[in-house]
Amino acid sequence: MNLRRVDLNLLTVFDAVYTEGNMSRAAEKISMSQPALSLAISRFRHLAGDELFERAGRGVRPTPRANELAAPIRRALDMIIGALEQGADFDAATSDRTFNLLLGDAGELILMPPLMRWLEAIQANVQINTLPMAGTDVRKEMHFGNVDLYLWITPLDTDDNVFVSQQIGVDRNVCLVSADHPTVGDSIDLEQYAELRHVTLRLPGDYGPSLVDRELWSHDLKREHAMVVHSFFEFPRIISSTNMVGTVPGKIAKSLAEVHKLKILPAPIEYEMPIYLTWPQALDTDPGHRWLRELLIGFYESL
């Protein structure tokens, strides 16, 4: 395709319709009359060779082809905005930029509340989307612009420097039990820990015995995995209503204990978990992206 034939305004129109799911709201969002917006969408349909949007109730829904185009077009628009903003500060209060974050339970539990409170306080128009960790090909999704930031316990390294990974902290595991546990007081030793029934988490791609189980075996002890869950979000209700114990990262434990009837105890088997934040190298100097990274890192360090 000859790019001279492409009016970049069509990308903005497409993005607005895709985001709003409604032609009238999209026209209002970008200060355009609805007839002009409809004409622009018709032009873009011709270029894309697809209907792009179909009527659905009072709005429109994207076709499969529109879903394929949405992330690359959003990324292209963000890159253009970023290039024009080079050397200028990012203003979250006026920007309508969207950020897609792959944070896992840890990031969603401990970073999203302070971030959203901060954005709400300044009445920001920035939109934050969190994406599921399970089944996501992180490198692929980040390469195609579907993921802006990735939080995990290992860096995302490549041989061609496509991504940047930065260690932003270290967390340590602790034990969580119900606040009124009948047999556990203010501490728990290794033997008592092994005797309790455990709620354990299975991470994506996690195979074989855990570090905790291997350490228990070295002391001729074994714990009962009474329940295996796939998310830390499942821990609080189970632990607060049973006599079970959960072993979780300290920052997550603090977040859960603040809103549930739980108490935190030092773990008899302690280990450290480095925490890394990863992003595309292409966005390393982008003002908006840099603003969000620094904000999240600051929140993490303050926890």
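Just so it is clear, the model here is predicted, and its values are computed rather than measured.
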Would you check if the distance from the ring center of Y193 to the ring center of H198 is below 6.0 Å?
yes

When rounded to the nearest 0.5 Å, the distance separating OH of Y276 from CD1 of I168 is 11.0 Å

Carefully, step by step, assess V177 and K263 under the rule side chain to side chain contact (heavy atoms under 4.5 Å, CB included).
CA-CA 6 Å; V177 296; K263 61 182 175 182; 3.5 Å; yes

In short, ring pair (Phe, Tyr, Trp, His ring centres under 6.0 Å) pairs touching residues 120-143 with sequence neighbours left out are none

With side chains defined as the heavy atoms from C-beta onward, is the minimum distance between F232 and E108 less than 4.5 Å?
-> no

The complete set of salt bridge (Lys or Arg N to Asp or Glu O under 4.0 Å) pairs with one or both residues in residues 166-185, sequence neighbours excluded, reads R172-E272

Quiz item: Hey, quick one: are M23 and L39 part of the same hydrophobic cluster, counting side-chain heavy atoms closer than 4.5 Å, chains of contacts allowed?
Solution: no

Tightest non-hydrogen contact, residues C175 and P266, listed as SG-O, 4.5 Å

Original post:
Do you reckon L303 sits in the same ILVMFWY cluster as V170, going by side-chain contacts under 4.5 Å, direct or chained?
Top reply: no

Donor-acceptor contact present, side-chain Q192 to main-chain T183, <3.5 Å
yes

Discussion item. So does E51 get a backbone contact from the side chain of R45, meaning a donor-acceptor N/O pair under 3.5 Å?
Written reply: yes

**Item:** Whether over 12 other heavy atoms sit under 6.0 Å from R237 CZ
**Value:** no

Rounding to 0.5 Å, atoms CG (L156) and OG (S165) come to a distance of 5.5 Å

**Asked** Just wondering, do T278 and W152 contact through their side chains at under 4.5 Å, heavy atoms?
**Response** no

*Just wondering, do I41 and F53 contact through their side chains at under 4.5 Å, heavy atoms?*
yes

(message) If you define the side chain from C-beta out and look only at heavy atoms, does anything of V212 sit under 4.5 Å from Y271?
(response) yes

Between L221 and A194 the two heavy atoms that sit nearest each other are CB-CB, 4.1 Å

task: Tell me, yes or no, whether the heavy-atom count around E28 atom CD, taken from other residues, nucleotides or ligands under 6.0 Å, exceeds 12.
output: no

| message | Set out, in order, the CA-CA distance, both residues' side-chain angles and the distance that settles side chain to side chain contact (heavy atoms under 4.5 Å, CB included) for F163 and Y150, then state yes or no. | response | CA-CA 10 Å; F163 308 115; Y150 170 57; over 6 Å; no

Self-check item: Single-linkage hydrophobic cluster W217~L190, side-chain heavy atoms < 4.5 angstrom
Solution: no

In this structure, CZ of R223 is separated from CG of L196 (nearest 0.5 Å) by 11.0 Å

Above 12 or not: heavy atoms from other molecules or residues under 6.0 Å from NZ of K29? yes

Rounded to the nearest 0.5 Å, the CD1 atom of I264 sits from the CD1 atom of I252 at a distance of 11.5 Å

*Do side-chain atoms of R25 reach the backbone of E20 as a donor and acceptor pair under 3.5 angstrom?*
yes

Evaluate L37 against I30 for side chain to side chain contact (heavy atoms under 4.5 Å, CB included), listing each step before the verdict.
CA-CA 9 Å; L37 181 135; I30 58 177; 4.0 Å; yes

R117 and E120 ion-paired at < 4.0 Å | no

**Report entry** Transitive ILVMFWY side-chain link L256 to F233, under 4.5 Å
**Finding:** yes

Within 6.0 angstrom of Q167 CD, more than 12 heavy atoms from elsewhere: yes

In short, M273 meets N173 closest at the heavy-atom pair CE-N, 3.7 Å

A92 backbone acceptor or donor facing S95 side chain under 3.5 Å: no

When rounded to the nearest 0.5 Å, the distance separating CG of L201 from OG of S210 is 10.5 Å

- Task: Please step through side chain to side chain contact (heavy atoms under 4.5 Å, CB included) for the pair I297 and Q166, ending with a clear verdict.
- Result: CA-CA 10 Å; I297 291 171; Q166 176 183 338; 3.8 Å; yes

- [ ] For the pair H289 (side chain) and T285 (backbone), establish whether a donor and an acceptor sit closer than 3.5 Å, ignoring hydrogens and angles.
- [x] no

Taking every heavy atom of P62 against every heavy atom of Y18, the minimum-distance pair comes out as CB-CE1, 3.6 Å

task: Could you tell me whether D284 and R293 make a salt bridge, using a distance below 4.0 angstrom between a side-chain N and a carboxylate O?
output: yes

Minimal heavy-atom distance between A257 and L176, with the atoms involved, is CB-CD2, 4.5 Å

When rounded to the nearest 0.5 Å, the distance separating CE of M112 from OG of S255 is 12.0 Å

message = Taking I128 as the starting point, is it possible to reach L131 by hopping between hydrophobic residues whose side chains are less than 4.5 Å apart?
response = yes

### Query
Regarding N129 and N100, is there a side-chain donor-to-acceptor distance under 3.5 Å anywhere?
yes

* **4.5 Å side-chain heavy-atom contact, L265 and V184** => yes

**Message:** Can you tell whether the side chains of D148 and R97 come within less than 4.0 Å, N to carboxylate O?
**Reply:** no

_Less than 4.5 Å apart, side chain to side chain, heavy atoms only: is that true for T247 and I269?_
no

Open item on the list: Could you check whether any side-chain heavy atom of F44 comes within less than 4.5 Å of a side-chain heavy atom of L11, counting everything from C-beta outward?
Closed with: yes

In short, V174 meets A253 closest at the heavy-atom pair CG2-CB, 3.4 Å

Donor-acceptor pair, S38 side chain versus Q34 backbone, under 3.5 Å?
yes

query: Hey, does R197 have a side-chain heavy atom less than 4.5 Å from the side chain of N243?
result: no

